[in-house]
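To keep things clear, I will list the structure first and then write my remarks on it.
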Amino acid sequence: MESNLDIQEYPDSFFLLQKQIQQSVEEHTLVINSLANYLAEIQQLATLVVKTLKTGNKILLMGNGGSAADAQHIAAEIVGRFTTERRGLPAIALTTDTSILTSIGNDYGYDNIFSRQVEALANANDLVIGISTSGNSKNVLQALTAAASLGCQTAALLGKGGGEIKNVVNLSLIVPSSNTARIQEAHILIGHILCQVVDSAFTCSIPTIT
């Protein structure tokens with residue numbers, strides 16, 4: 001009843017809202033469906049994640065804003081579990097320790113908040129994953145460059161053409177969109193796929209990926 005009254009009182013606003021929602025859903029669907037063209041790249045990244053963990057190495061993840069949340073989300077699913085019971089696995093989001101972030105930001109500048117942590121925590125053959133919707137986040141770029149110099153494997157979830165970051169990583173997965181929200185929605189789907197593959201690989205429900 002209230003909804004009908006609102007439509008009668010504010011018809012233009014109601015139909016504008018309806019149009020905005022429909023447009024967002026359609027954009028989301030288009031971008032998500034486009035990932036069907038990148039199955040080989042997603043499989044390659046999943047293989048790299050599993051191989052890293054199977055060889056006793058760890059995953060480091062980072063990003064800014066919504067991408068920071070995605071990094072934390074993926075790390076949490078790897079350390080805990082996604083859907084299947086298994087042992088905990090080593091993954092660290094470099095976005096969570098406020099004392100580290102603020103001290104490095106204060107002493108060395110914001111562009112160094114991730115590279116300093118990579119320098120402190122990463123070992124050769126660890127996998128360092130950067131998440132950047134623009135592909136140009138300076139702190140992510142610097143951290144991935146530092147990771148490569150330490151002998152780490154590097155990968156990135158990107159958008160908007162991949163920016164500078166695509167040129168410094170072993171593997172990049174670029175969502176074909178310029179809309180930040182749609183890119184982030186695709187990134188977390190890719191993240192969930194990675195976590196599902198990890199669960200399967202460590203519960204023997206699929207053959208070990210080599």
Show the nearest heavy-atom pair for residues Ser67 and Thr133, with the distance to one decimal. OG-CG2, 4.0 Å

Shortest non-hydrogen separation from Val169 to Ala156 and the atoms involved: CG1-CB, 4.2 Å

Distance (rounded to the nearest 0.5 Å) between Leu39 CG and Gln44 CD: 13.0 Å

Please assess Ser177 against Asn179 for the test side chain to side chain donor-acceptor pair (under 3.5 Å), listing each intermediate value before the final yes or no. CA-CA 6 Å; Ser177 175; Asn179 184 310; 5.5 Å; no

Using the rule that Ile, Leu, Val, Met, Phe, Trp and Tyr join whenever any side-chain heavy atoms are under 4.5 Å apart, tell me whether Leu171 and Val140 fall into a single cluster. no

Using the six-membered ring of Phe114, assess whether NZ or CZ of Lys138 lies under 6.0 Å from its centre and within 45 degrees of the ring axis. no

Validation row: Leu60, Leu127 side chains within 4.5 angstrom (heavy atoms): no

Walk me through it: do Ile78 and Cys195 pass the test side-chain contact (heavy atoms from CB on, under 4.5 Å)? CA-CA 6 Å; Ile78 294 174; Cys195 294; 4.3 Å; yes

Hey, could you give me the CZ/OG distance between Arg86 and Ser200, rounded to the nearest 0.5 Å? 10.0 Å

Heavy-atom side-chain proximity of Leu94 to Leu61 below 4.5 angstrom: no

Atom pair CD/CZ of Gln184 and Arg182 - distance to nearest 0.5 Å: 9.5 Å

Is there a side-chain contact between Ser137 and Met62, using heavy atoms and a 4.5 Å cut-off? no

With rounding to the nearest 0.5 angstrom, report the CD to CG distance, Glu185 to Leu35. 11.0 Å

Gap between atom CG of Asn112 and atom CD of Gln142 - 0.5 Å precision: 5.0 Å

Would Asp97 and Leu101 satisfy side-chain contact (heavy atoms from CB on, under 4.5 Å), going step by step from the backbone distance to the final call? CA-CA 6 Å; Asp97 190 319; Leu101 295 171; 5.5 Å; no

Is there a chain of hydrophobic side chains (I, L, V, M, F, W, Y, each step under 4.5 Å between heavy atoms) that links Val79 to Phe82? no

Determine, stepwise, if the pair Ile100 / Gln117 fulfils side-chain contact (heavy atoms from CB on, under 4.5 Å). CA-CA 8 Å; Ile100 289 175; Gln117 292 185 75; 3.7 Å; yes

Determine whether Thr96 and Gln72 make a side-chain contact, defined as any pair of heavy atoms from C-beta on separated by less than 4.5 Å. yes

Looking at every non-hydrogen atom in both residues, tell me the closest pair between Ala68 and Gly63 and how far apart they are. CB-O, 3.2 Å

Evaluate Ile59 against Ile92 for side-chain contact (heavy atoms from CB on, under 4.5 Å), listing each step before the verdict. CA-CA 6 Å; Ile59 313 290; Ile92 304 171; over 6 Å; no

Please answer whether the main-chain N or O of Asn136 pairs with a side-chain N or O of Lys160 as donor and acceptor at a distance below 3.5 Å. no

Tell me whether Asn125 contacts the main-chain N or O of Cys152 through its side chain, where contact means a donor paired with an acceptor under 3.5 Å. no

Report the distance from atom CD of Glu26 to atom CD1 of Ile21, rounding to the nearest 0.5 Å. 12.0 Å

Residues Leu173 and Tyr38: closest non-hydrogen pair is CD2-CB, 4.4 Å

Kindly work out whether a path of hydrophobic side-chain contacts (I/L/V/M/F/W/Y, heavy atoms less than 4.5 Å apart) joins Val118 to Leu121. yes

With side chains defined as the heavy atoms from C-beta onward, is the minimum distance between Leu194 and Leu45 less than 4.5 Å? yes

Where do Gln18 and Gln22 land on the side chain to side chain donor-acceptor pair (under 3.5 Å) test, with the steps shown first? CA-CA 6 Å; Gln18 188 178 54; Gln22 182 178 354; over 6 Å; no

Following the transitive rule for hydrophobic clusters with a side-chain heavy-atom cut-off under 4.5 Å over Ile, Leu, Val, Met, Phe, Trp and Tyr, establish whether Ile104 and Leu141 coincide in one cluster. yes

Does the His187 side chain pair with the main chain of Leu158, one donor and one acceptor, at a distance under 3.5 Å? yes

Can you check whether Ile183 reaches Val31 side chain to side chain, under 4.5 Å on heavy atoms? no

Determine, using the 4.5 Å side-chain heavy-atom cutoff (strictly less than), whether Ile129 and Ile74 are members of one ILVMFWY cluster. yes

So, the side chain of Asp126 versus the backbone of Ala122: is there a donor-acceptor pair under 3.5 Å, distance only? no

Minimum heavy-atom separation for Asp70 and Ile188, please, with both atom names. OD1-CD1, 3.7 Å

Is it the case that Arg116 places NZ or CZ above or below the six-membered ring of Tyr108, under 6.0 angstrom from the centre and within 45 degrees of the axis? yes

Does the pair Arg81/Glu77 count as a salt bridge with the N-to-O cut at 4.0 Å? no

Has the side chain of Asn170 got a donor or acceptor atom that lies under 3.5 Å from a matching backbone atom of Gln153? no

Considering only heavy atoms from C-beta outward, does the side chain of Ile174 approach that of Lys166 to under 4.5 Å? yes

Contact summary for Ile190 and Leu157, nearest pair of heavy atoms: CG2-CD2, 4.0 Å

Is there a side-chain contact between Asn123 and Leu150 (heavy atoms, below 4.5 Å)? no

